[in-house]
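What follows is a short report on a single structure.
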Amino acid sequence: MTWMRSWEGFLFLVLVLIYALNAWTSPVFLTVGNQINMVQLSVEKIIVALVMTFVIINGEIDLSVASVMGLAACAFGWMVQAGVPGGWAIVIALGIGLACGAFNALFIVGFGIPSLVVTLATMIAFRGFARVLVEDRGISGFPDWFNALGQRGLVGPVPLAIIMFAVLAVLAFLILQRTAFGRKVYFIGANRAVAEYSGLDVRSVKIRIFIASGTVSALAGIMFAARVGAIRGDIAQGFELDIITMVLLGGVSIFGGAGTMSGTILAILIVLALRNGMALQNITGHIQTGVLGVLLILSVMVPIIRETGSRLLARVR
Amino acid sequence: MKHLKVSTLALCALLAAHGAHAQAVTADKGGKVNMVLLPKFLGILPFDQANRGAEEAHAELGNTGTLLYTGPTPENSVAGQIEILTTAGSQGQDVVMLSNNAGDQIAPAAEAAQAAGTKVVTWDSPIPSGKGESLFVAQVDFGSIGVVMADMAHSIMGGEGEFAVLSATPDAANQNAWIAAMQEALKDPKYANMKLVDIVYGDDQSEVSYNRALALVDSHPNLKLIMSPTTVGIQASAKAMQDEGLCDRVKVSGLGLPAEMVSYTLNGCAPEFALWSFVDLGYLTYYTSYMLATGKIKGEVGETFTAGRMGDYTIEEDPGRPGAKRILMGPFTVYTKDNVEAEAK
């Protein structure tokens, strides 16, 4: 029963509780259609949360993800409008995401500037490029196949985006928890200096993580464009905070070195189920935001309380 | 008191359509229709007023179903509206009454809701492409708003000088249609000495609009007027001009709520502005949606129905959006220091 005492075990119990509560209060909650909607409405965020887990465990942060999503989506829309075939527009937009990630990595790894500062700057800059690109317009009229991929079921009622999330979640889990690369991510995040003295290729690991972050964010941005069938300059704005919230709730330490992919995935499901359950109970956006805030505070508090508690217990003994 | 009626043309069309149909259909009271009133976001007065109108109609019609007033937070407006509309479809709501803030991004969700049996009636701001939308309840003829704004600008600026527009979000369909209509109206030789120098966006958030208004003054030293066709923008602009002591140089006008604008009108920062009744808009939207959901109207062009205390309305083609259908409310009022106090109470 040790897993029960782990953070993941706790999250799992919370998830089961929320599912039970939702199912009890709304007959709609457990229907296939609603479960698909629930995931699809946030699928872009949760895909980026997977890669954000690597970033934070590695002791870094990437605040520019939502701006990269916006830039890739706007670049895609702009290219389609300019007559570039949809397939090429996707490839180029992904390339832009990769370049954004490489640009972040250049300053963080190359010049040694803290990622908080670099990605705060590029968060603003990439969003600016997106707005310059589409100016103050909305662009729609994407190819039918593109919209269909974002809006219709691919396998039965399950759309491509959810399948992609599932595949990426498994991949992310395997890479983080089962490969040498994953172990390096933890080791560097726990103590960068020791990792460097041990001869680990710290720089190459960080570069790869930021490039992955940029590319996956671009993918998520394109998926968002397909789901809503239109873009504008403010697309995905503010998503970075939701994404980081999910990762921290999953038990990933903001100081790096600790956390698991299964924690992130459980936290994602908790946030989605909680939001959906509240929406089905007609609870408004302000209260939803508040509840998620409280949840995040608790998730930070619980480990501290537990630690203090056990220390006190030890002293009593 | 200066009242501006719907453009004569629209009125003629209304009367002609009325004549062709002998009888306006009336609503059956006591039906069971579950309805959702979905504003752009919560927390601004005009949407609360629209809800008051909807509640009035809800009680009047004795609807045994529910009327839910829910919306996203301002920062999450687009994703939030899509989420609420999607959830309404899952819940099996009968109608969602939407003031769209998501441009065409909401069209797939609206189409999905329609497929699930939930009708989508827009009000205040439509879906630009008309996709997924059953009907649009327009507050006033979009063309006539353009003329009224041009006229207010003309009167405040004395017919000459530079002015700028402070709008809401870049692709709010209503805002863009009104600005376009004003630009069209400005082509008249009467306005030849007036120059529209800039259009900026305050995202319908007070803080952003306030800063954009001040930035306008900085970047255009000869600016004489800020025209803001949004209740949030006009109030924020007026406050910005007042706070910085700029009211003598730069005036503010546009579409505003008397209750929010009264002090700025009396102190001369915003000598003239216009608006229609949001309470009536909510009331008419509710009637339209209720009758659509109960099958009394089908949502076809030419159908005429009675919307309680507001009288008869006819569904017509939307001149601004090919293929889309609208119901035109009208008229609206221009407020000055002579009539604003009475309305603000």
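In what follows, every chain begins at residue 1, and chains take the letters A, B, ... in the order their sequences are listed.
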Is chain A contacted by the side chain of B/Ile84, its backbone, both, or neither, given a heavy-atom distance below 4.5 Å? neither

Structural part of B/Asn76 lying under 4.5 Å from a heavy atom of chain A: side chain

Take atom [atom1] of [X] as the centre, draw a 6.0 Å sphere, and report whether it contains more than 12 heavy atoms from other residues, nucleotides or ligands.
| X | atom1 | result |
| --- | --- | --- |
| A/Phe129 | CZ | no |
| A/Trp24 | CH2 | no |
| B/Asp218 | CG | yes |

Decide yes or no on side chain to side chain contact (heavy atoms under 4.5 Å, CB included) for B/Thr86 and A/Gln40, but give the supporting numbers first. CA-CA 10 Å; B/Thr86 305; A/Gln40 201 181 3; over 6 Å; no

Working to the nearest 0.5 Å, report the span between CD of A/Gln151 and CD of B/Glu111. 7.0 Å

Can you find a heavy atom in the side chain of B/Val78 that is under 4.5 Å from one in the side chain of A/Arg232? yes

Counting only heavy atoms closer than 4.5 Å, note whether [X] contacts chain B via side chain, backbone, both or neither.
| X | result |
| --- | --- |
| A/Ile139 | neither |
| A/Val28 | side chain |
| A/Leu280 | both |

All heavy atoms of A/Ala279 vs all of B/Gln91, minimum pair found to be O-NE2, 3.7 Å

Could you report the tightest heavy-atom contact between B/Pro108 and A/Gly229, atom names first, then the distance? CG-N, 4.2 Å

Could you go step by step and tell me if B/Glu75 and A/Thr289 meet the side chain to side chain contact (heavy atoms under 4.5 Å, CB included) rule? CA-CA 11 Å; B/Glu75 323 77 66; A/Thr289 312; 5.6 Å; no

Leading residue by heavy atom contact count with chain A [cutoff under 4.5 Å; candidates B/Pro128, B/Ala102, B/Gly43]: B/Ala102

Determine whether B/Ser90 and A/Asn37 satisfy the following criterion, side-chain hydrogen bond (donor to acceptor under 3.5 Å, both in side chains), listing intermediate values before the conclusion. CA-CA 9 Å; B/Ser90 306; A/Asn37 281 340; 3.3 Å; yes

